[in-house]
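Notes for the one structure printed next.
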Amino acid sequence: MTRKARTPKPAPPETAAPAGTAAERPTSDAAPAFPRLSRLEIRNLATITQLDLDLGGGFCAFTGETGAGKSIIVDALGLLLGGRANHDLIRSGEKELLVTGFWGEGGETEADSASRRLSSAGRGAARLSGEVVSVRELQEWAQGRLTIHWQHSAVSLLSPANQRGLLDRRVPREAQAYAAAHAAWRGAVGRLERLQASQRERARQIDLLAFQVQEISEVSPDPGEEEGLNTELSRLSNLHTTQQAAAGGVELLSDGDLNAAGLMSEAVRALNAGAKYDETVRQLQSDLRSALESVQAIAGELRDVAEGSAADPEALDRVEARLSALSKLKNKYGPTLEDVVEFGARAAEELAALEADERDAGSLQADVDALHAELLRVGGKLDAAREREAGPLAKSLLAVIRELGMPHARMEFALSPLAEPAASGLSDVLLRFSANPGEELGPLSDVASGGELSRVMLAVSTVLGADTPSVVFDEVDAGIGGAAAIKVAEQLSRLAGARQVLVVTHLAQIAARAHHHYKVEKRVEEGRTVSRVRLLTGDERLEEIARMLSGNTSEAALKHARELLEG
């Protein structure tokens, strides 16, 4: 019998609108601005030696036998998200592992890339488009492009802050307005508390700062003046030596019994007779007269230096005092004059602030009261907005959750007033849940099982949308089957209408809805276990769906698989 599988469903355009009406789907479901993950390269990760995997858009399913290593793909993406450097992931016998992801449609050369390298020696490196970055920078970059819902990540729903965040995604304007009002109120309260903390301490601080500012301003240091002062100090300290040197030069040039000027004058006279008859001698005599004039000029200047180099104790004292004052400032506020000037500026600012506090003390309490009243007003609007959205959001989530195998589930967002305004609002938000009929609603953290949490997380992702262009679900179908599995597949397919959705699954119902189906296989090569991943098409995909349904490729299994693929 010829086995023929239906042609895989075409992936939707990356900018396609998600399924559902505008009323059912919030605006956060709009396609994210960043491109999707287009290629994944893995070297020496667990049982994978080398993998170069091109990824399609829309809904991508990863299947394989139990233990084949399907979740290794998720582990690799987790490293790109800045996950903990677990060196046990390095393939046995290898020195390092490398994971590289490419985002965009241009291939390796045009797409943005992120990579993470771990070595068995404990070292590691992260890169963005080839440039070395910190793991934190890699994490911040990747978090805008990729979200992973691990098997255990649904526990994030147990956090009251995250439960509140789900509701606040429906009321962003009110939540932001409250956050700004709370920050303004707390800032005023903090300032008032500082004023009231200790009058004596504040007065002491003002006195100290005033002294420091005055001490620096009285000297008024110039960061570039020390070099000139040191040069002047050297000159003034050596005036006697300068005077003696200049006087000695004058003595030798013009004032001594035997001096250069006198000898040169005699030489000029001696050349008179020869100069009458020889042009060369006449020119040399002229040159000698010029030299004599230069010597006489130099002697005159040296005489001025000698006469003007008398000791100047007052000038020397002024320079030494200035240098001493600068040195004192550097010892206290330095080590350089630049540091002194910067310290003085900071001290002046702090002093002005403290003095302003003193002046404003009378009116600050009134400001605090006014900001508190505004906080209560804005907080009331936030509570009202939360109350308005709580019911419809719970209803939307329940519609999905009930389709996912929990037909009797109930859910509500409960608001309870806080004794004092918190950074998040005037009320606490608690997600209350019940999966079974006859059971009272209770905190989600107390009543939901792991499988139930996974389905609530899936409902949150499809109703509120994911914030990144690529979303990964690892074993989101744990503990479900039958009609519930089909509903999970429908929800994942709906989410893939505007995003790339990568799903590691063991359910044929989910894999059959994928636009791209990848199989993870484990085999033994040269005595070692190796995992490989390949894209399935045609008969290969039909046989894999049949295997997932019944563990074999019998005619009955193939028929059932064909029915699933044909939808």
Side-chain angles (χ1 to χ4, degrees), residues 34-57 60-65 67-104 108 111-120 123-130 133 135-153 468-476 500-506 514 516-523 528-535:
F34 294 120
R36 65 172 175 83
L37 179 66
S38 58
R39 182 176 174 85
L40 181 64
E41 298 179 356
I42 301 174
R43 301 290 184 270
N44 300 324
L45 174 59
T47 55
I48 293 178
T49 56
Q50 177 174 334
L51 174 64
D52 299 313
L53 184 63
D54 291 315
L55 296 166
C60 302
F62 291 82
T63 66
E65 299 278 0
K70 299 186 292 297
S71 291
I72 295 177
I73 303 297
V74 185
D75 291 334
L77 294 174
L79 289 174
L80 295 183
L81 272 175
R84 186 174 64 88
N86 183 359
H87 295 85
D88 292 339
L89 291 173
I90 301 174
R91 182 170 173 78
S92 176
E94 301 294 340
K95 294 182 179 180
E96 63 179 22
L97 68 79
L98 175 64
V99 178
T100 306
F102 296 89
W103 276 260
E108 296 178 33
D112 290 331
S113 68
S115 67
R116 182 91 179 271
R117 185 187 302 271
L118 300 180
S119 76
S120 57
R123 294 184 297 273
R127 293 178 182 270
L128 290 178
S129 296
V133 297
V135 174
R136 179 178 292 276
E137 289 174 308
L138 172 70
Q139 182 181 54
E140 292 174 353
W141 185 92
Q143 283 178 343
R145 294 159 174 80
L146 177 68
T147 301
I148 299 180
H149 294 301
W150 311 82
Q151 284 179 281
H152 57 273
S153 67
T468 57
S470 300
V471 188
V472 182
F473 291 92
D474 182 24
E475 302 286 2
V476 71
Q500 179 189 48
V501 177
L502 311 179
V503 181
V504 175
T505 182
H506 66 279
H516 310 282
H517 188 163
Y518 301 87
K519 184 176 182 180
V520 183
E521 300 173 310
K522 183 182 288 185
R523 64 184 67 179
R528 298 202 62 185
T529 301
V530 177
S531 292
R532 301 194 181 279
V533 183
R534 59 190 181 91
L535 177 66

Looking at [atom1] of [X] and [atom2] of [Y], how far apart are the two atoms once the value is rounded to the nearest 0.5 Å?
X      : Y      : atom1 : atom2 : answer
Ser531 : Ile48  : OG    : CD1   : 6.0 Å
Asp54  : His516 : CG    : NE2   : 11.0 Å
Leu51  : Arg534 : CG    : CZ    : 13.0 Å
Leu89  : Ile72  : CG    : CD1   : 8.5 Å
Cys60  : Ile73  : SG    : CD1   : 11.5 Å

Does anything in residues 78-93 pair up under side-chain hydrogen bond (donor to acceptor under 3.5 Å, both in side chains), and if so which pairs, sequence neighbours excluded?
none
Is it true that Thr100 and Glu41 share a donor-acceptor pair across their side chains at a distance under 3.5 Å?
no
Side-chain H-bond candidate by donor/acceptor type, His506 with Thr63, under 3.5 Å:
no
So, the side chain of Thr468 versus the backbone of Thr147: is there a donor-acceptor pair under 3.5 Å, distance only?
yes
Between Arg532 (side chain only) and Lys519 (backbone N and O only), is there a donor and an acceptor less than 3.5 Å apart?
no
Over all atoms of both residues, closest heavy-atom pair of [X] and [Y]:
X      : Y      : result
Gln500 : Leu55  : NE2-CB, 3.9 Å
Leu80  : Ala142 : O-CB, 3.3 Å
Gly144 : Pro469 : O-CD, 3.6 Å
Ser470 : Leu37  : OG-N, 3.1 Å
Leu118 : Ala85  : CD2-CB, 3.6 Å
Ser115 : Leu138 : O-CD2, 4.1 Å

Any side-chain heavy atom of [X] sitting closer than 4.5 Å to one from [Y]?
X      : Y      : value
Thr47  : Val530 : no
Gln139 : Trp141 : no
Leu146 : Leu77  : yes
Tyr518 : Leu53  : yes
Arg117 : Leu97  : no
Phe62  : Thr505 : no
Glu65  : Lys522 : no
Arg127 : Val133 : no

Apply side chain to side chain contact (heavy atoms under 4.5 Å, CB included) to the pair Leu502 and Phe473, showing each step before the final yes or no.
CA-CA 6 Å; Leu502 311 179; Phe473 291 92; over 6 Å; no
Derivation of the side chain to side chain contact (heavy atoms under 4.5 Å, CB included) call for Asn44 and Gln50
CA-CA 6 Å; Asn44 300 324; Gln50 177 174 334; over 6 Å; no
Could you work out, with salt bridge (Lys or Arg N to Asp or Glu O under 4.0 Å) as the rule, every residue matching Asp52, not counting sequence neighbours?
Arg39, Arg43
Mark yes when over 12 heavy atoms from residues, nucleotides or ligands other than Arg123 sit less than 6.0 Å from its CZ; otherwise mark no.
no
